[in-house]
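Atoms within a ligand are numbered from 1 in the order they appear, just like the ligands themselves.
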Amino acid sequence: MSAAKFEQIGQALREHQRFAVLSHVRPDGDALGSQLAAGMSLRKLGKDVRIWNEEGMLEKYSFLPNSDLLTKPPAEPEDFDVILALDTAIQNRLGNTVAAIKSAKVWINIDHHPSNPGYGDLVYINPHAPATGEILFELIKSQNLPIDRAIAENLYVAISTDTGSFQYPNTTARTFEIAAELVRIGVDVGAVSQLTYENYPRRRVELLRDLLGTMRFDANDRVASFSLSLAFAKRLGVLPEDNEGLIDHLRAIHGVVVAIFLEELADGKVRVSMRSKSDKVNVCAICEKFGGGGHVLAAGARVKGTLAEVEKKILEETCDVLSRLS
Ligand code: AMP
Ligand code: MN
Ligand code: MN
């Protein structure tokens with residue numbers, strides 16, 4: 001099934017000329033690494049490629065090879081043959097990049113979110129793949145698309161970040177095989193890991209200190225949560241990208257089954273981030289009740305209301321799910 005689909009996608013990539021490579025708002029390492037890897041491979045094929053993200057390149061991922069190829073979308077819309085949407089569970093999470101597309105002949109949707117409804121003309125969704133970067137590697141290999149050290153490094157960061165450095169249960173033998181191939185192509189694991197995980201700005205740790213001050217436990221200590229108000233974020237001068245991964249400090253606590261991070265946004269909504277340590281607790285299902293989505297063990301939503309209101313609703317729903325467990 002994947003061989004035939006890869007063949008179709010490969011053909012579309014070979015036969016068209018103008019491409020836009022897009023991914024989700026609030027991008028993570030998988031989104032940005034996948035976008036750059038796909039865009040660079042297409043450029044090596046001689047294609048005209050735009051690589052756009054609503055946020056542009058994040059400061060903390062600006063070490064990615066050829067990171068300057070990824071920009072914010074322009075104000076003036078452009079015509080394309082193919083739009084490549086990567087790692088994006090629902091189309092509206094492509095944000096304002098869609099407004100920069102005047103026309104497109106084919107939409108290709110490549111993703112690993114089980115909640116992806118399959119928008120687009122050519123769709124490949126593999127919910128078992130731990131990262132979109134892993135799917136792209138398989139596509140590149142099966143279709144003999146160009147790959148070099150810079151592309152490999154982007155794919156490595158995509159896979160490393162979405163697997164929690166090869167620790168989450170989505171990590172398979174195949175993931176390690178792919179990582180090994182990427183290392184053989186030239187990825188320097190030590191250097192890339194240091195740039196990815198040991199290069200945070202001081203304000204991120206100061207943010208963690210404040211977040212831990214709001215930490216609370218519910219459902220007999222099986223639910224841990226903390227929250228970030230706009231006022232806190234402003235006082236510390238933090239960027240939205242600074243909080244990626246801080247939820248792992250809650251997940252890492254003995255006995256905690258669900259970790260929750262709530263972030264007040266400027267638009268009257270709260271960004272909810274959830275992690276589960278048990279496949280009996282599907283946080284994607286909880287987030288879907290609030291209009292969000294994601295994976296069984298990692299999901300999110302944007303919920304209208306004040307921090308206190310959303311916190312109450314999410315905690316009630318989560319505690320309810322846990323009370324039905326045993
Ligand atoms: P995060 O907690 O932001 O790292 O997101 C965890 C997972 O949930 C990622 O795979 C996201 O793609 C997904 N996700 C986060 N926010 C949303 C949302 N508002 N709607 C749908 N999926 C989301
Ligand atoms: Mn992502
Ligand atoms: Mn991903």
Next item on the list: Give the name of the N/O/S atom in His112 that lies closest to the Mn ion (ligand 3).
Entry: NE2

Next item on the list: May I have the step-by-step check of side chain to side chain donor-acceptor pair (under 3.5 Å) for Glu134 and Thr175, ending in yes or no?
Entry: CA-CA 7 Å; Glu134 185 169 314; Thr175 313; 3.1 Å; yes

In the protein, what heavy atom is nearest to [atom], and what distance, to one decimal place, separates them?
atom                    : result
atom 15 (C) of ligand 1 : Gly300 CA, 3.5 Å
atom 21 (C) of ligand 1 : Gly293 N, 3.2 Å
atom 9 (C) of ligand 1  : His113 NE2, 3.8 Å
atom 2 (O) of ligand 1  : Ser273 OG, 2.3 Å
atom 7 (C) of ligand 1  : Ala298 O, 3.4 Å
atom 4 (O) of ligand 1  : Arg275 NH2, 2.9 Å
atom 19 (N) of ligand 1 : Ala301 CA, 3.6 Å

Check: Does a sphere of radius 6.0 Å around CZ in Arg204 hold more than 12 heavy atoms from other residues, nucleotides or ligands, not counting ones at 6.0 Å or beyond?
Finding: yes

Item checked: Closest heavy-atom pair and its distance - Leu155, Ile140 -> CD1-CD1, 4.2 Å

Checklist line | Residue part near ligand 1, for Arg271, under 4.0 Å between non-hydrogen atoms | finding: side chain

Next item on the list: Mind checking whether Arg93 contacts ligand 1 via backbone (N, CA, C, O), side chain (CB onward), both or neither, at a 4.0 Å heavy-atom cut-off?
Entry: side chain

Taking only heavy atoms of [X] into account, list the atoms of ligand 1 that are under 4.0 Å away from them.
X      : value
Gly294 : 8 (O), 13 (C), 22 (N)
His295 : 10 (O)
Arg302 : 19 (N)

Next item on the list: Starting from the C-alpha separation in whole Å, work towards a yes-or-no answer on side chain to side chain contact (heavy atoms under 4.5 Å, CB included) for Asp30 and His112.
Entry: CA-CA 11 Å; Asp30 189 26; His112 66 129; 3.3 Å; yes

Ignoring hydrogens and geometry, is there a side-chain-to-backbone donor-acceptor pair from [X] to [Y] under 3.5 Å?
X      : Y      : result
Glu198 : Ser193 : no
Asp81  : Arg18  : yes
Glu263 : Leu228 : no
Ser41  : Pro146 : yes
Thr171 : Tyr168 : yes
Thr318 : Ile314 : yes
Arg26  : Pro240 : yes

Notebook entry, point to check: Can Arg149 and Glu153 be said to form a salt bridge (charged side-chain N to carboxylate O under 4.0 Å, His left out), step by step?
Noted result: CA-CA 6 Å; Arg149 197 172 82 101; Glu153 223 165 275; 3.7 Å; yes

Margin query: Measuring from non-hydrogen atoms of His24 to any atom of ligand 1, is the shortest distance under 4.0 Å?
Written below: no

Notebook entry, point to check: N/O/S atom of His113 under 2.8 Å from the Mn ion (ligand 3), yes or no?
Noted result: no

Notebook entry, point to check: What protein N/O/S atoms are found closer than 2.8 Å to the Mn ion (ligand 2)?
Noted result: His24 NE2, Asp28 OD1, Asp28 OD2, Asp87 OD2

Next item on the list: Quick one: do Tyr156 and Phe166 satisfy ring pair (Phe, Tyr, Trp, His ring centres under 6.0 Å)? Show the steps, please.
Entry: CA-CA 11 Å; Tyr156 187 88; Phe166 305 94; 5.7 Å; yes

